[in-house]
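Atom set for the values below is all heavy atoms of this structure, side chains included, hydrogens, waters and symmetry mates excluded. Every chain is numbered from 1 and lettered A, B, ... according to where its sequence line falls, protein lines coming before strand lines.
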Amino acid sequence: MSFASIDFLIFFIILIIGTVIIQRHFSPRIKEIFLLIASYFFYGYWDWRFCFLLLFITVISYFTARSKNKKSIYIAGIIIPLTVLGFFKYFNFLLTSFTNLFNIDAITLKIILPVGISFYTFQAISYVIDVHRGKIELENDFIKLALYLSFFPQLVAGPIVKASDFLPQLREDRKTTLNNTRYGIQLFAFGMFKKIVLADHISVFVDSVYSAPSAFSWITILLATISYSLQIYFDFSGYSDMAIGCAKCLGYDFNRNFNLPYISQNITEFWRRWHISLSTWLKEYLYIPLGGNRKGKIRQYVNLFTTMLLGGLWHGANWTFVFWGAINGIALCIDKMLPHKEKGICKKIISTIMTFAFITFTWIFFRADNFETAWLIIKGIFTMQEGIIQLFSWSFIALILLAISTIIAIIHSHKNGEKEVNGYYYTVDLKKTSGLTIFFVFIGLIICLAFTGEQPFVYFQF
Amino acid sequence: MCGNFTKKTIRNILKYVISLGIAFIILTAFCFFYSNIPVHYKCTDGATDYVWKANEFYSIGTEGFSWGKTNNEGYQNILDYNENTNVDILIMGSSHMEARQVAMKESTAGLLNSMLEENVYNIGTSGHTFLTCVSNLEAAIKKYNPTDYIIIETDSVTFSNDNIESTIKGNLEEIESYNEGIIGILQQNQFLRLLYSQIEILLSNNISNDVEEKDILNTRVDEKKMDELFYKINADSSNSSAKIIIVYHPSIYLDYDGKMNFNHNEKDVELFAKICEKNDIYFLDMSERFNLEYMNNNIIPYGFNNSTIGTGHLNKYGHAMIADELYKVIKEVE
């Protein structure tokens, strides 16, 4: 069940009504069970068999975290979810890579990749590690832990919510209130606009260029490359906004997952602003355990590179993702080597443009199905290839909207005296007629302008 | 207490009603320019299944961007029609010939009008397949009595035997018009129309289109049935001196290497061409021209700057190619 579907709308309305009734007439425990059943229903809507996998990971996390003094069991709590992830996501990839390398006939298994497996296995691992490190209390309540791992807003495409952020909220018995819902649905609508109006329209253009890279002119390929930067941002940040909005309606708070990543002046800043929950996870559970920057410069670079390489592999079982991770890792290392001085406004703008150009270049490998396609895209741009010219209007609309919202965010941050520019959600007061009118117009525009073909969220595949 | 509660509730309801009302007006104004499709009515003379509301402003921003006004009969046509109008060339066809996505002057009919300096009358209407046009052919000839040519446009030469049978028997399902009652009133609001169409597509999620395309590729055309169909075409047009030209423009796709391909069975095209020839009907296949334009000038006949390139409706280049080829054919025949 995708957020951008009628099915989800019906599901969510029933869920909200059900939650309100339950929290008025029943104990918080019943509400937790209700949310847990709803989350499993949401997940099982794709394929009911996936629910057993989710339950298995939950059971493993629950029991291995309890035996925190036995190192072997604690390690099992990390290894088992990783093995499950490895089997479903990487088994065929590793097998075909191996057989291709030695020119052996490839035998692959028909494995369906369970939606969101990368996200909930990471959450499960972080829970076990945090309990072992003593960062969070052991959760004795199985229902609460199961709800944390399966909570539907973040289940299939993040953000990766840390146990230390979410379990305390479950213990607080958060409520669905009118104020929460008023704020939450506005975030959800924002995300919906980003996804079904901007990202989905752009996706048809990007898809057509990547499916026939030799057919298009260099200007079109360049525009498609830039468009993909916009598409993936609007798609994924849109999904995150929807997830944050859904959770807010139910009374829970998720941290933001994107913070105007394309205004970054260097690659390090970009990774602080892009997919923040993943960057934080990789930093806390991979980079720092590897030694971080505590073991000298060379070791720091190796750790950074390794983290990004594995981060790339996390995104997908394909060498293009590994390469994408590697070039980001190298760029981060180079950025660490360079001195960072206070810059004037012109240098800031140039740095931002250069960082965006670099990130856009790396997205080519992220989007391309294979190196051949990536090469054709790059070659097409740099050899000024002739071909079909299509100046896709939705790309320009998205670019203009991004520029406007960035300028508003810059002004807002300066006004509030913030050290760096931060994005924020512009919300209206839904208690007022003017606010309601703006909101209804916005919803109407989303429906009118929506791309109504089928376009799954980009991050569902991860 | 109770009075206060009631007052508060009424105030809240009023707030929502007013907000919805204002939002509705704003969205209707937006859709007036973004997607303004007139209501259609049953065509009483039978030349087409339906006609759009006459002399009505329309605009489209969902696929291409264009606007204009329907003529006095409700067709997308530069010319108005009255009983004294002499129609030299009559164009029948689907939404491609209707050409709402391009300016009227850039449509096949508009271009032919200026190229030939003859009265080219276009009754191409959305949803009208080749078989619909054949069903309406007799009535269209009776009404417009074209003197020189009848051009029938089609984007497919593969039809199901059931539909051919229905066309021959004269009971092919007609396109309904819902212009009466509450639905008729609701349809007059551009925002509600767009809302309905968006939700309808969202619910169907394009599944039906995929099935149709697969069906077409798996369908084999029965030659005998096609013969009967063309017999009907000849019979229905026997009272007219106008020559029939069937213009066929296949849908295309670009493969990974950038080669243009057509979504059709070559054998069906050959069969269709053969039967046309047998019945003294000119068959204009646009495949070659499309391919040439792509190879030489990197021009694709379908798609716009706000839609998927290579799919959807004919763009201005596609119309220009068809108009140019038709012009050549007409000059050649003359």
Task: Under 4.5 Å from any heavy atom of chain A - which part of B/Ile26 - done: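 Only the side chain of B/Ile26 comes within 4.5 Å of chain A.
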Task: Engaged part of B/Leu254 at the chain A interface, taking heavy atoms whose separation is under 4.5 Å - done: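 Both backbone and side chain.
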Task: Donor-acceptor pair between B/Thr158 and B/His264 side chains, under 3.5 angstrom - done: no
- [ ] Let me see the working for A/Phe12 and A/Phe3 under ring pair (Phe, Tyr, Trp, His ring centres under 6.0 Å), right down to the final yes or no.
- [x] CA-CA 9 Å; A/Phe12 196 61; A/Phe3 281 169; 8.2 Å; no
Task: Heavy-atom side-chain proximity of A/Phe188 to A/Cys246 below 4.5 angstrom - done: yes
- [ ] Would you please indicate yes or no on a ring centroid separation below 6.0 angstrom for B/Tyr41 and B/Tyr50?
- [x]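 Centroid separation for B/Tyr50 and B/Tyr41: 6.0 Å or greater.
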Task: Per-residue contact mode, A/Phe392 against chain B (heavy atom under 4.5 angstrom) - done: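 For A/Phe392, backbone and side chain are both near chain B.
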Task: Proximity breakdown for A/Thr433 and chain B, heavy-atom pairs closer than 4.5 Å - done: both
TODO: Under the salt bridge (Lys or Arg N to Asp or Glu O under 4.0 Å) rule, what do A/Asp200 and A/Lys194 come out as? Steps first, then yes or no, please.
DONE: CA-CA 9 Å; A/Asp200 285 356; A/Lys194 285 179 179 177; over 6 Å; no
Among [options], single out the residue with the greatest number of heavy-atom pairs under 4.5 Å to chain A.
options: B/Tyr294, B/Phe191, B/Phe24; result: B/Tyr294
options: B/Gly61, B/Gly258, B/Ser197; result: B/Gly258
options: B/Tyr34, B/Phe304, B/Phe65; result: B/Tyr34

Task: Option that, when pairs with chain B are counted at under 4.5 Å, heavy atom only, ranks first among A/Ala212, A/Ser211, A/Gly435, A/Cys448 - done: A/Cys448
